[in-house]
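Model, not experiment: these values are computed from the prediction. Numbered from 1 within each chain, the chains take letters A, B, ... in sequence-line order.
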2 protein chains.
Amino acid sequence: MEPWDDIEPAPARKLLVAAIEAFAVRGYHGTSTRDIAGAAGMSPAGMYVHYRTKEELLFRISRVGHERCRDMVRAAATRGGADPAGQLRAIIGDFAAWHAQHHTTARVIQYEHEQLSTDHQAIIVVLRREMESVVRGVLASGTARGEFDVPEIAGTALAMLSSGIDVARWYRDDHSRTPDDIGKLYGELAVRTVRA
Amino acid sequence: MEPWDDIEPAPARKLLVAAIEAFAVRGYHGTSTRDIAGAAGMSPAGMYVHYRTKEELLFRISRVGHERCRDMVRAAATRGGADPAGQLRAIIGDFAAWHAQHHTTARVIQYEHEQLSTDHQAIIVVLRREMESVVRGVLASGTARGEFDVPEIAGTALAMLSSGIDVARWYRDDHSRTPDDIGKLYGELAVRTVRA
DNA sequence: GTCTATAGATTGATAGAC
DNA sequence: GTCTATCAATCTATAGAC
C-alpha cells in the first residue's frame, strides 16, 4: 500500500509505518512511544535504538513524505504536456488523488508538521514552498498565454492546493469514490475555474 | 475578537477561550488541563468546577463553534438573494472569510472533533451534514435552472467547502490578505467553477 | 468557587543484562 | 539490537480546607 520498502532496516520501517498509522488517528501528542513500539511488535524501549526521540521519528515521516509529495507534483507537471490547462489538470488531479490514496501519510505530513522543532519545521517549509511554486508557475504561464483568467495567482494556487490537502482530512479507505475518481474531478474543477 | 461573551459565568468563558487558543496551537492531546487553567489565571484544579472533564470542554467548544458556523452558512444563503450564483458566492465567500477571521476557533472545530467521544462526535456530525446540504442544495438548484454546469454535485460541494476549511490551517493574524479579501476571492472562484 | 495537596496512571527516555 | 526494569516528570482528576 504505502511504499516505505526503501526504509532500512526492517525494524525501523515497521516503527515508521506504525507511527504513521497512530499519528494519523490520534495525532503526534496523542500517540505514546509505547503505542508505536507495541504496534511494531517491540518492547517500550525498542524505538530508541532506531530513532533518538519521538520527534525525530515524526521528522523522518514528514521529510520523506513531503519529498515524495513534491516529486509527485513535479512529475505531474511534466505528464500534463506542454499546455498549461493539461498541466494544471494533471497537477491538481494527481495532488488530490495522492492525498486520497496515501491519506494516512498525507494526514500526518499536512497536520502534524507544526509539532516539529523549529529547525525541522524550517526544512519542511522549503519543501512546501517548492510545491506551491509549481502551481503558481502553471497559473502564471497560462495567464501569460491568454489561456487562463485568474483573479489572483498566489491566492488561487493556494485555494486549489487547499482542496487537495483537505482530502487527507476526510478520505477513508471505504469511501465510495476511488482516488482516481477524485483526481479526475479535482483536475476538472481546477481547469474550469481558470478557463478564459 | 471572538464572540464568546454569551458564555457564562465569566470563569467558564475564560477557560473556554484559553482552551481554544491552546488546542489551536498544540492540539487537544498536546494541551494539559494545567495549561488551560493556568492561561485562564486559575489553579490546576480550577477547571473542574466548570467542566467535568477536558473532553467536555472540547465538546462545548466544538458544539457551539459548529452551530455558529452552520448559522453563518444559512445566513449567507439568504443574503445571497434569489439566484443560485449569488447564493453560492455568498456561502463559499462567507465560509472562507469566517475560517480566516475565526481561524483559531475554526482550527479546533475542524481538526480536533475526532478526539471527542463517540456520542459527542455523533452530535457534531449532524451539524456538519447540515452545512454540506446547504451547499449541495444551491448547486442542485443552479443546475436545475440551467445556470450551473457541475461535474458532480456532492463532490463539487465537498471540494468547495474544503478550500474554505483549509483556510483555518494556514491563516495567521499577520497574513497580508484580510478575511474579507479571502471571502471575495473564494466566492469568485466558486462561481467561476460552476458557470454554465 | 477557588485553593493546596495528592492520588494513581502514564509519559519520554535511559541503564544495564543478554 | 532487543529486552526488563526503572527514573523523573507529567498527566487527568479528586479530596478536603477555606
Participant: Tell me every residue that passes side-chain contact (heavy atoms from CB on, under 4.5 Å) with A:Asp71, counting only those two or more places apart in sequence or in another chain.
Facilitator: none

Participant: What is the distance, to the nearest angstrom, from the CG atom on A:Leu57 to the P atom on C:dG12?
Facilitator: 11 Å

Participant: What is the distance from CD of A:Glu56 to C1' of C:dA13, rounded to the nearest Å?
Facilitator: 13 Å

Participant: Inspect the contact between A:Glu114 and B:Arg172 and indicate whether a charged nitrogen and a carboxylate oxygen are less than 4.0 angstrom apart.
Facilitator: yes

Participant: Is it true that A:Asp5 and A:Arg13 make a salt bridge, defined as a side-chain N closer than 4.0 Å to a carboxylate O?
Facilitator: no

Participant: Tell me: NE2 of A:His50 to P of C:dA13, nearest whole Å?
Facilitator: 16 Å

Participant: For the pair made of CG in A:Leu15 and P in D:dG1, what is the distance, rounded to whole Å?
Facilitator: 12 Å

Participant: Any salt bridge linking B:Asp6 with B:Arg68? Criterion: basic side-chain nitrogen under 4.0 Å from a carboxylate oxygen.
Facilitator: yes

Participant: Classify B:Pro11 by what it touches in the nucleic acid, base, sugar-phosphate, or nothing, heavy-atom distance under 4.0 Å.
Facilitator: sugar-phosphate

Participant: Rounded to whole angstrom units, what separation is found between the CG atom of A:Leu58 and the P atom of C:dA13?
Facilitator: 12 Å

Participant: Same cluster or not: A:Leu57 versus A:Ile123, using hydrophobic residues (I, L, V, M, F, W, Y) connected whenever any side-chain heavy atoms lie under 4.5 Å apart?
Facilitator: yes

Participant: Using atom names, set out every protein N or O paired with an N or O of nucleotides 11-15 of chain D below 3.5 Å, distance rounded to 0.1 Å.
Facilitator:
unit_1 : atom_1 : unit_2  : atom_2 : d
D:dT12 : OP1    : B:Thr31 : O      : 3.4
D:dT12 : OP1    : B:Lys54 : NZ     : 3.0
D:dT12 : OP2    : B:Thr33 : N      : 2.8
D:dT12 : OP2    : B:Thr33 : OG1    : 3.2
D:dT12 : O4     : B:Arg34 : NH1    : 3.4
D:dA13 : OP2    : B:Tyr48 : OH     : 3.1
D:dA13 : OP2    : B:Lys54 : N      : 3.1

Participant: For residues B:Val17 and B:Ile7: do they belong to one hydrophobic cluster (side chain heavy atoms under 4.5 Å, members Ile, Leu, Val, Met, Phe, Trp, Tyr)?
Facilitator: yes

